Amino acid sequence: MAIFHDVPRAVKERLATAERVAVLTGAGISAESGVPTFRGAEGLWKNFRPEELATPEAFEREPVTVWEWYDWRRGKVAPCQPNAGHQALVAMEKRVADFTLITQNVDGLHRLAGSTDPVELHGDIWLTRCTGCGAVAEDRTVPLEPIPPKCRCGAMLRPHIVWFGESLDMKKLGRAQQAAGDSDVFLVVGTSSVVWPAAGLSEVAAMSGATIIEINVEETPLTPMADVTLLGPAGYHLPRVVERCWPS
Ligand code: BJW
Ligand code: ZN
């Protein structure tokens, strides 16, 4: 483990020559776009306990409260634009032969920035899923009307998001695990690394011999395991990493 405030030579040497790079992002990469993170002083969980809102049981008990929370979040995310961190990952994708972007974020900002086919492990805040017929549809209305929204079939819609205790999409998780295991460098950006199975991807990568590089404003449970931790905002470090490894 080594903690740096600037891009060290070791990062340049490993990343610039890597053929396979996988990146895992979390809420921290979108923080500089104005999207609230989940944990920490300004986190979304500050006033709520996760199990109160982000579980299927909570939705069954209080669908209106859960939908109001999502409606509030959709309102927060709607005006947000990708930042220099998202854009640097688009640039990295163009320079690395085999590149996979895995995100825990549901805000869609990687796709908006231009990343191709990111693996969105936890779903998409702009998609709804019918609790009756299972239909998935895009709905960008803010604010939602009515709450809770209904499907054409008459059943209630839910956010197309993975809640605690729910399984991730096995195809997406499989793709993420494969990319982590195959990677020469596994870059972990802006995640507290406490939510599973996403947190386990770094272990998969490390056990397969990948160099683990972390970018975060603070140390996390991953830091002792990472080869390098760049301390500071993703919007600061990611463009510098790209410029240092692939000078324009
Ligand atoms: C910056 C920055 C800047 C700030 N620049 N950095 C094994 C062990 C223990 C528990 C489990 C386990 N397996 C399963 C579990 C249970 C559970 C779990 O992980 N619990 C833990 C919390 C203990 N996992 C699940 O239930 C998963 N399902 C599952 O495994 O199914 C099978 C199963 C079920 C039950 C039992 C066993 C197996 C599903 C997880 C779904 C997670 N969904 C959520 C919320 C959905 C709601 C929504 O979005 O609307 O997804 S949780 C929430 O956390 C959200 C996020 O994607 C996820 C990760 O958070 P993230 O991205 O890391 O954000 P933060 O806020 O935590 O961190 C931000 C970081 O950024 C911080 O570190 C800052 O420092 C940093 N930062 N500004 C760089 N500018
Ligand atoms: Zn339906």
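Not measured: the values here are computed from a predicted model. Each ligand, and each atom within it, is numbered from 1 in the order the structure gives.
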Checklist outcome for this item: Counting heavy atoms under 4.0 Å, the part of Val194 that contacts ligand 1 is backbone
Next on the checklist: Under 3.5 Å between any N/O of Ile29 and any N/O of ligand 1: does that happen in this structure?
Outcome noted: no
Next on the checklist: Taking Ala135's backbone N and O only, do any of them form a donor-acceptor pair with Arg129's side chain (distance below 3.5 Å, no angle check)?
Outcome noted: no
Checklist entry - Would you find a donor on one side and an acceptor on the other, under 3.5 Å apart, between the side chain of Asp227 and the backbone of Ile212? => result yes
Checklist entry - Is Asn216 reaching over with its side chain to a backbone N or O of Glu219, donor-acceptor style, under 3.5 angstrom? => result no
Item to check | ligand 1 N/O within reach of Ala27 N/O, cut-off under 3.5 Å | outcome: yes
Item to check | Nearest candidate to atom 53 (C) of ligand 1, where distance is taken over non-hydrogen atoms, out of Arg39, Gln104, Glu219, Arg74 | outcome: Arg39
Next on the checklist: Can you confirm, on distance only, whether ligand 1 has an N/O atom lying under 3.5 Å from any N/O atom belonging to Ser192?
Outcome noted: yes
Checklist outcome for this item: Angle subtended at the Zn ion (ligand 2) by Cys151 SG and Cys153 SG, to the nearest 10 degrees, is 110°
Next on the checklist: Please find the pair of heavy atoms, one from Leu201 and one from Ala180, that lie closest to each other, and give the distance.
Outcome noted: O-CB, 3.7 Å
Next on the checklist: Which label fits Phe59 and Trp67: parallel for a plane angle under 30°, tilted from 30 to 60°, or perpendicular past 60°?
Outcome noted: perpendicular
Checklist entry - Backbone or side chain, does any N or O of Thr191 fall under 3.5 Å from an N or O of ligand 1? => result yes
Checklist entry - If you measure from each heavy atom of His237 to ligand 1, is any distance below 4.0 Å? => result no
Item to check | Check: Ile102 and Val23 side chains under 4.5 Å, non-hydrogen atoms | outcome: no
Checklist entry - Is there at least one pair of N or O atoms, one from Arg73 and one from ligand 1, spaced under 3.5 Å apart? => result yes
Checklist outcome for this item: For Gly165, the atoms of ligand 1 under 4.0 Å from one of its heavy atoms are 25 (C), 26 (O), 34 (C), 35 (C)
Next on the checklist: With a 3.5 Å distance limit and no angle check, can you tell me whether Asp184 reaches the backbone of Ala210 through a side-chain donor-acceptor pair?
Outcome noted: no
Checklist outcome for this item: Here the atoms of ligand 1 under 4.0 Å from any heavy atom belonging to Glu32 are 3 (C), 5 (N), 80 (N)
Item to check | Enumerated ligand 1 atoms positioned under 4.0 Å from heavy atoms of Pro197 | outcome: 30 (O)
Checklist entry - Looking only at N/O atoms, are Ala234 and ligand 1 under 3.5 Å apart anywhere? => result yes
Next on the checklist: Looking at non-hydrogen atoms alone, which of Phe38, Phe164, Trp196 comes nearest to atom 27 (C) of ligand 1?
Outcome noted: Trp196
Item to check | Those atoms of ligand 1 less than 4.0 Å from some heavy atom in Glu218 | outcome: 75 (O)
Item to check | Closest non-hydrogen atom pair, Ala226 against Glu214 | outcome: CB-CB, 4.2 Å
Item to check | Distance-only side-chain donor-acceptor flag, Glu93 / Thr116, under 3.5 Å | outcome: yes
Checklist entry - Which atoms of ligand 1 sit under 4.0 Å from any heavy atom of Ile161? => result 46 (C), 47 (C), 48 (C), 50 (O)
Checklist entry - Ion pair present between Asp107 and Lys76, side-chain N to carboxylate O less than 4.0 angstrom? => result no
Item to check | Ser115 side-chain N/O to Arg111 backbone N/O, donor-acceptor pair under 3.5 Å | outcome: no
Next on the checklist: Minimum distance, heavy atoms only, to atom 44 (C) of ligand 1: which one of Asn83, Leu173, Val162 is it?
Outcome noted: Val162
Next on the checklist: Looking at Glu19, I want to see if its CD is surrounded by more than 12 non-hydrogen atoms of other residues, nucleotides or ligands under 6.0 Å.
Outcome noted: no
Item to check | Where ligand 1 meets Ala31 - atom numbers and elements under 4.0 angstrom, heavy-atom basis | outcome: 78 (N)
Item to check | Side-chain (Thr220) to main-chain (Leu222) donor-acceptor, under 3.5 angstrom | outcome: yes
Next on the checklist: Taking 4.0 Å as the limit for heavy-atom contacts, which would you say applies to Val217 with ligand 1: side chain only, backbone only, both, or neither?
Outcome noted: both
Checklist entry - Taking only heavy atoms of Gly26, which atoms of ligand 1 are found under 4.0 Å from at least one of them? => result 62 (O)
Checklist entry - Which ligand 1 atoms does Val195 reach within 4.0 Å, using its non-hydrogen atoms? => result 19 (O), 40 (C), 42 (C), 54 (O), 58 (C), 59 (C)
Next on the checklist: Within the supplied structure, the quantity of interest is the number of heavy atoms (other residues, nucleotides, ligands) at a distance under 6.0 Å from Glu166 CD; does it exceed 12?
Outcome noted: yes
Item to check | Geometric N/O contact Glu166 with ligand 1, under 3.5 angstrom | outcome: yes
Checklist entry - Are Tyr236 and ligand 1 in contact, using a heavy-atom cut-off of under 4.0 Å? => result no
